[in-house]
Amino acid sequence: MKIATWNINGIKARHDVLIEWLKQTSPDIACLQEIKSVDEAFPGAEIEALGYNVQTHGQKGFNGVALLSKLPFEEVNRGLPGDDSDEQARFIEGLFSTPSGPLRVVSLYLPNGNPVESEKFSYKLAWMDRLHAWATERMALEEPLILAGDYNVIPQPHDCYDPKAWEGDALFRAESRSKFDALCHLGFVEALRACEDAPGVYTFWDYQAGAWPKNHGIRIDHLLMSPEASPKLRSCEVDKFVRDWEKPSDHVPVWIDYAA
DNA sequence: ATGACTAGCCGAGCTAGA
């Protein structure tokens, strides 16, 4: 089965592009980020008509995540545990039943964290600590688990076109990268890294300054697979072609072929 | 080329993204 993650940068602005991508690539599960919509306003009708069950965790104006699945949801959990005062919609977990057993899939939108002098950076780091704590608990279940989303972390220097240009940025700061590494070291396999570790493979290109045609991108959208899931990884691909469509998101989909 | 975009909220520029 095909499991994808994509920061769509607004469901209202990206609805038609999303529908076209679903028709062309037909993922079994799609993890969306930055839907920028409240749950009640999410335009799900055409998506459901393509055979998807839709679950969202949205908020007004920005953030917001969603799960689209051809499999029925056995369970849905909204919000990253660990801080009851956190009102930002950045996390949704679905539990599915596959031919080979249960599968948990998370769509997450990790905070950007810029500027680093602001409370936004401390919020990012605290959110990563909460994710680490939550993942530690989930790992104890010893189930196939996939954490997919926009991590807003450039893991390695060769995951961006110009490492010097990203020096000091919240996406590339040592604190962000080491927390991402620590998460991986719980036992996750980072899917694209495991399949393709060449430089120049990116998932985001800024709208500005001709970043896309010059391939001045960064790799910040990742799928992390638990030890029970990672042996079922067949391949991992980046759907770069959607960046050339009319009114594209600044991110492109990343997907895995999973032997469920 | 030291080149600056896009979405949402709204009905004008601001916030936010990365």
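Order of the sequence lines fixes the chain letters, A, B, ..., with proteins taken first and strands second; residue numbering starts at 1 for each chain.
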**Student:** Taking atom P of dA18(B) as reference, at what distance in whole Å does atom NZ of K120(A) sit?
**Tutor:**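 Whole-Å distance recorded here is 11 Å.
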**Student:** Rounding to a whole Å, what distance do you find between W205(A):CH2 and dG3(B):C1'?
**Tutor:**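 Computing the W205(A):CH2 to dG3(B):C1' distance gives 20 Å.
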**Student:** Below 30° counts as parallel, above 60° as perpendicular, anything between as tilted: where do the rings of H216(A) and Y161(A) land?
**Tutor:**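 Geometry flag for Y161(A) against H216(A): parallel rings.
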**Student:** Report yes or no: do D239(A) and W21(A) form a side-chain donor-acceptor pair below 3.5 Å?
**Tutor:**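 Indeed, the side chains of D239(A) and W21(A) share at least one donor-acceptor pair under 3.5 Å.
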**Student:** Would you mind reading off the distance between N114(A) atom CG and dA16(B) atom C1', rounded to a whole angstrom?
**Tutor:**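 Result: 11 Å.
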**Student:** What is the distance, rounded to the nearest whole Å, between atom NE2 of H216(A) and atom P of dA1(B)?
**Tutor:**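 That distance rounds to 12 Å.
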**Student:** When you compare dT6(B) with dC10(B), how far apart are their C1' atoms, in angstrom units rounded to a whole number?
**Tutor:**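 About 16 Å, rounded to a whole number of Å.
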**Student:** Starting at the 5' end of DNA chain B, which residue's closest nucleotide do you reach first, D169(A) or K214(A)?
**Tutor:**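 Taking each residue's closest nucleotide, the earlier one in sequence belongs to K214(A).
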**Student:** Is D221(A) touching bases, backbone alone, or none of the nucleic acid, heavy atoms closer than 4.0 Å?
**Tutor:**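 Nothing: the residue D221(A), judged by heavy atoms under 4.0 Å, touches no strand.
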**Student:** Take atom CG of D250(A) and atom C1' of dA4(B), then tell me their distance rounded to the nearest Å.
**Tutor:**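 In whole Å, dA4(B) C1' and D250(A) CG are 14 Å from each other.
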**Student:** Measuring only the C1' atom in each nucleotide, how far is dA16(B) from dT2(B)? A whole number of Å is fine.
**Tutor:**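 Rounded to whole Å, the distance is 25 Å.
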**Student:** Check this for me: E75(A), atom CD, are more than 12 non-hydrogen atoms of other residues, nucleotides or ligands nearer than 6.0 Å?
**Tutor:**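 Yes, CD of E75(A) has more than 12 neighbouring heavy atoms, counting only those of other groups under 6.0 Å.
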**Student:** In whole Å, what separates the P atom of dA4(B) from that of dG8(B)?
**Tutor:**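 The same atom, P, in both gives a distance of 24 Å.
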**Student:** Which residue pairs satisfy the ring pair (Phe, Tyr, Trp, His ring centres under 6.0 Å) criterion with at least one member in residues 178-200 of chain A, sequence neighbours excluded?
**Tutor:**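 Every pair satisfying ring pair (Phe, Tyr, Trp, His ring centres under 6.0 Å) with a residue in residues 178-200 of chain A: Y151(A)-F180(A), F180(A)-H222(A).
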**Student:** Without decimals, in angstroms, what is the distance between E119(A) CD and dA16(B) C1'?
**Tutor:**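 So the CD-C1' distance, E119(A) to dA16(B), works out to 13 Å.
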**Student:** Using whole Å, what does the distance between atom C1' of nucleotide dA16(B) and atom CG of N152(A) come to?
**Tutor:**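 To the nearest whole Å, that distance equals 12 Å.
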**Student:** P atom, dT15(B) versus dG3(B): distance in rounded Å?
**Tutor:**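 Each nucleotide's P atom is 24 Å from the other's.
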**Student:** Suppose you measure atom C1' in dA18(B) against the same atom in dA7(B); what distance do you get, rounded to whole Å?
**Tutor:**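 To the nearest whole Å, 14 Å.
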**Student:** Provide, to the nearest angstrom, the distance between the CD atom belonging to Q88(A) and the C1' atom belonging to dT15(B).
**Tutor:**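 It is 13 Å, rounded to the nearest whole Å.
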**Student:** Identify, with sequence neighbours excluded, every residue that meets ring-ring contact (aromatic ring centres under 6.0 Å, His included) alongside Y207(A).
**Tutor:**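 Per chain and number, Y207(A) pairs via ring-ring contact (aromatic ring centres under 6.0 Å, His included) with no residue.
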**Student:** Base contacts versus sugar-phosphate-only contacts with protein, heavy atoms under 4.0 Å: please encode nucleotides 5-11 of chain B as B, S and - from 5' to 3'.
**Tutor:** BSSSSS-
